[in-house]
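Here's the structure we're looking at; comments come further down.
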2 protein chains.
Amino acid sequence: MNEPRNWPTGLKKTRQRLAVLEVLESTRELLTVSEICARLDASEGTPSISTVYRVLDLFEKKGVVVKTNAISGDTAVYALNRFEHRHYAICVACKKIIAMDNCPMESFVPSLADEGFHVVGHDLQIMGFCRECDQKRGG
Amino acid sequence: MNEPRNWPTGLKKTRQRLAVLEVLESTRELLTVSEICARLDASEGTPSISTVYRVLDLFEKKGVVVKTNAISGDTAVYALNRFEHRHYAICVACKKIIAMDNCPMESFVPSLADEGFHVVGHDLQIMGFCRECDQKRGG
DNA sequence: CAACAAATGCGAACGATTCGCATGTACGCT
DNA sequence: AGCGTACATGCGAATCGTTCGCATTTGTTG
């Protein structure tokens, strides 16, 4: 188990937390809790599913991971916070997730009825067909 | 019960479906299923909750309503499809939802590794504090 | 090494949504 | 108008993701 560079202050370093972190460090995919659990099963010291939820909640609060449930709507996905601003395109056929390199919000001022609205973040996904599925659909 | 202009072909006009449609026609808010049920309770012929789900699924497939679960993540919200392109800003404190009049995607080409990706839609929300909640937070 | 607070495991609880199946009803046909 | 059938509904149970309560274990600090 490797030593993460920036362990948040005041958090105990437990086997379970390090294991979850290791899974997230090992990929750039967005993982659901069950996917994280599946990858944990391979290694020893597998935490229970409630612990995984608690660890992820904690990590999210501390800014170690980012969470979004925008992709499938009914299941949250998590990724290590690499301090990149990222959005994703999702293939509606095969559910493949493709990272986007740019962001339309960089130079966008929303037009809102509440003019005092203080923007702190945003969430964006693009839906469509990946090249492969688009070809399968034919013309 | 009024006659909707564009009833999708091949759908039986039932009391329950018309009632759900009426609720959605009566507001521009985004409503959860339980909110819809609450508004149905006032009128007679209240459909069961499973029927409300089924009616909404059907309406969504037919393009009569739009569904999104991006707002709260764990609860879907529905609105009549008024064939407007709309996004929303959500106050993270009071959960107020404010419609946005413009869209950053109008002139945006996503940069994706899959160059054949065929975009068919997108979903965007802005998070922040509404004027009121922002003031309460103080400086 | 002891002590305490914090973390974990387990299973139960929960809310949103879906499903199965028996019953009811809209709509086309006569 | 009346019939018949495919489709819609109601009800409750099942499911899925997630949270919670509580007894037990484990990091960390001194």
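The chains referred to below are lettered A, B, ... by the order of the sequence lines, with proteins before strands, and numbering in each begins at 1. Computation of the quantities below employed the complete heavy-atom set of this structure, encompassing side-chain atoms and omitting hydrogens, waters and symmetry-equivalent molecules. All values derive from a computational prediction rather than experimental measurement.
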Distance-only donor-acceptor pairs under 3.5 Å for side chains of residues 51-63 of chain A, two or more places apart:
residue, atom, partner, partner atom, Å
A:T51, OG1, A:S48, OG, 3.1

Result for 5'-nearest mapping on DNA chain C, choosing between B:L11 and B:D57, is B:D57
Bounded by its outermost nucleotides with an atom under 4.0 Å from a heavy atom of chain A, the footprint on DNA chain C reads C:dA5 to C:dG11
Does any N or O in the side chain of B:D114 come within less than 3.5 Å of the main-chain N or O of A:R131, such that one atom is a donor and the other an acceptor? yes
Presence of B:R17 side-chain N/O under 4.0 Å of D:dT9 phosphate oxygens OP1/OP2: yes
DNA chain C nearest-nucleotide lookup for B:N69 and B:K12: closer to the 5′ end is B:N69
Scan side-chain atoms only and decide if B:H122 and B:H85 contain a donor-acceptor pair under the 3.5 Å cut-off. yes
When the nearest nucleotide of DNA chain D is assigned to A:I49 and to A:R54 on a heavy-atom basis, which residue is associated with the more 5' position? A:I49
Provide, to the nearest angstrom, the distance between the NZ atom belonging to B:K62 and the P atom belonging to D:dA8. 10 Å
Taking only Lys NZ, Arg NE, NH1 and NH2, and the carboxylate oxygens of Asp or Glu, determine whether B:R39 and B:E29 approach each other closer than 4.0 Å. yes
Report yes or no: does A:S26 contribute a side-chain atom to a donor-acceptor pair with the main-chain N or O of A:V23 at less than 3.5 Å? yes
Check the distance between D:dA8's P and B:W7's CH2 and give it to me in whole angstrom. 11 Å
Working for side chain to side chain contact (heavy atoms under 4.5 Å, CB included), residues A:V64 and A:L21: CA-CA 9 Å; A:V64 176; A:L21 191 59; 3.8 Å; yes
Distance below 4.0 Å between B:T51 side-chain N/O and D:dT9 OP1 or OP2: no
With a 4.0 Å cutoff (strictly under), does any side-chain N or O of A:Q16 reach OP1 or OP2 of D:dT26? no
So B:T75, base contact, sugar-phosphate only, or nothing? Heavy-atom distance under 4.0 Å. sugar-phosphate
A:Y78 OH - D:dT18 P separation (whole Å): 6 Å
With distance as the sole test, does B:N102 use its side chain to make a donor-acceptor pair with the main-chain N or O of A:V109 at under 3.5 Å? yes
Hey, is the side chain of A:S34 poking within less than 4.0 Å of OP1 or OP2 on D:dG17, counting only N and O atoms? no
